[in-house]
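Report on the structure given below.
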Amino acid sequence: MNEKFSKQEIENLLKNSTEKIVSESKDIVDEFGNTHNVDEITNQAEKSIKKKYPKVNFRWSEFEIARAKKIAKKLGLPYQTYLKSLLKQGMDNDENRLKSM
């Protein structure tokens with residue numbers, strides 16, 4: 001979920017939280033007295049998200065991209081979804097073919 005909060009909303013959330021900010025540092029103290037570094041927690045969360053959805057890049061001609069977009073539009077799909085479905089189908093076919101060898 002990608003909710004965006006205003007500065008005021010964040011301040012209100014922090015005021016109503018059971019956690020307290022320790023001076024001006026990036027540390028918070030939870031209700032059990034444990035200190036946690038906010039930057040470290042944020043970095044771990046971002047790394048976890050990136051691991052789930054790595055980016056894939058490849059070079060393709062403008063003609064092939066335009067062709068994919070045209071076909072996807074006729075199918076009522078976003079072109080990236082269309083391309084992912086084609087790749088998945090191709091991998092499934094190859095995987096099944098290789099199992100029978």
If I take atom [atom1] from residue [X] and atom [atom2] from residue [Y], how far apart are they, to the nearest 0.5 angstrom?
X: R59; Y: I65; atom1: CZ; atom2: CD1; result: 11.0 Å
X: K69; Y: L83; atom1: NZ; atom2: CG; result: 10.0 Å
X: N93; Y: M91; atom1: CG; atom2: CE; result: 10.5 Å

With ring pair (Phe, Tyr, Trp, His ring centres under 6.0 Å) as the rule and sequence neighbours excluded, what pairs involving residues 60-83 come up?
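Applying ring pair (Phe, Tyr, Trp, His ring centres under 6.0 Å) to every pair that reaches into residues 60-83, excluding sequence neighbours, yields F58-W60.
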State which residues pass side chain to side chain contact (heavy atoms under 4.5 Å, CB included) with D39; sequence neighbours excluded, sorted by chain then number.
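Residues passing side chain to side chain contact (heavy atoms under 4.5 Å, CB included) with D39: K26, N37.
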Under 4.5 Å side-chain linkage, directly or through intermediates, the cluster mates of L87
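Taking Ile, Leu, Val, Met, Phe, Trp and Tyr as members, L87 stands alone, with no cluster partners.
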Would you mind listing the cluster partners of M101? Hydrophobic ones only (ILVMFWY), side-chain contacts under 4.5 Å, chaining allowed.
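L98, all in the cluster of M101.
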Can you tell if the side chain of R97 reaches within under 4.5 Å of the side chain of D94, non-hydrogen atoms only?
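The answer is yes; the side chains approach within 4.5 Å.
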Applying salt bridge (Lys or Arg N to Asp or Glu O under 4.0 Å), can you list everything that pairs with E64, at least two apart in sequence or on another chain?
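Per chain and number, E64 pairs via salt bridge (Lys or Arg N to Asp or Glu O under 4.0 Å) with R67.
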Checking D92 now: which residues fulfil salt bridge (Lys or Arg N to Asp or Glu O under 4.0 Å) with it, not counting sequence neighbours?
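So D92 forms a salt bridge (Lys or Arg N to Asp or Glu O under 4.0 Å) with K88.
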